[in-house]
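Order of the sequence lines fixes the chain letters, A, B, ..., with proteins taken first and strands second; residue numbering starts at 1 for each chain. Only this structure's heavy atoms are used, side chains among them; waters, hydrogens and symmetry mates stay out.
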Number of protein chains: 2
Amino acid sequence: MRPSLDTVFAALADPTRRAILSMLLEDDMAVTDVADPFDMSLAAISKHLGILAAAGLISQEKRGRVKWCKLEPDALREASVWMQGFGQFEPVHLDAFERFLAQELDAPADPAA
Amino acid sequence: MRPSLDTVFAALADPTRRAILSMLLEDDMAVTDVADPFDMSLAAISKHLGILAAAGLISQEKRGRVKWCKLEPDALREASVWMQGFGQFEPVHLDAFERFLAQELDAPADPAA
DNA sequence: TCCATATTCAACCTTCAGGTTGACCAACGG
DNA sequence: CCGTTGGTCAACCTGAAGGTTGAATATGGA
């Protein structure tokens, strides 16, 4: 299930989740350790991690009874590249971008079916 | 008030709003014209435009009775910079963009299951 | 075997996002 | 003036997001 831009951007829209990503930038972490600095229940953090994983922004691997969380920057890369299309700040493949544009316009309010 | 990453990412999380941004990439547009391709009430589009404006992603200028919407790509820069922090990867990678394109075109209506 | 640890599940609550509709206001063209 | 067009406002509905709590499900260690 490849994550969509919808889920990626939605995942990034929450400050708690962005903070988690920042933490994971340093190193892989167990769920409990991720939750530690937050004033929030473990269950809530677990949900946040689930959302990040669903967006493809992290991966989770269970070793023993500990679930390790690992940053997966690839999903970010795609979103980043999408954004670059709007800036004149970086060179971009206009032809490819325009194909993408056309596709977006064909199905504007994608019913997420 | 400078828009936060929260509002920018939240604004980008909606496919209708991303489609609107794509449209504005081509040219400035009036609200009614923006709404035209969407199967959605004008009021709804007006709200979407308000959200995009609040996020700083577009600006709106009223001339006569027509309100013109203009893309403001600078707002994306901050978010883009934030995201770059997660890549040890280079600023823009066309390979990545093309992979993204291929995926997007392969399965346009992501089930988001 | 028994208890503690790690994590999720299920049910629930509250807030907000995204949509509708209909009334409303402003500006233009006779 | 007057009707039409462009756009917003206000009230409302529905569903989902983000949080809580408490029970449930491994796994590890003694």
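With rounding to whole Å, L52(A) atom CG is found 15 Å from dT7(C) atom P. For the pair I45(A) CD1 and dC9(C) P, the interatomic distance rounds to 16 Å; values are reported in whole Å. Atom-to-atom, CH2 of W68(B) to P of dT8(D) comes out at 14 Å; the value is rounded to the nearest Å. Summarising the geometry, the separation between CE on M29(B) and C1' on dG7(D) is reported as 15 Å, rounded to the nearest angstrom. D36(B) places its CG atom 10 Å from the P atom of dG6(D), with the value rounded to the nearest Å. Between the P atom of dG6(D) and the CG atom of D28(B) lies a distance of 18 Å, rounded to the nearest Å.
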*What string of B, S and - do you get for nucleotides 15-25 of chain D, 5' to 3', if B is base contact, S is sugar-phosphate-only contact and - is no contact with any protein heavy atom under 4.0 Å?*
---SBBB----
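Contacts classified as side-chain hydrogen bond (donor to acceptor under 3.5 Å, both in side chains) and involving residues 32-52 of chain A (residues at least two apart or in different chains) are given here: R17(A)-H48(A).
In terms of heavy atoms, C69(B) sits closest to Q60(B) at SG-NE2, 3.6 Å.
Atom CG of L49(B) and atom OG1 of T16(B) lie 11.0 Å apart (nearest 0.5 Å). Here the straight-line distance linking atom CD of E78(B) with atom CG of L5(B) works out to 5.0 Å at 0.5 Å rounding.
For the segment residues 56-67 of chain B, residues with any heavy atom less than 4.0 angstrom from an atom of DNA chain D are, sorted by number, R65(B), V66(B), K67(B).
OP1 or OP2 of dT7(C) has not a single side-chain nitrogen or oxygen of S46(A) nearer than 4.0 Å.
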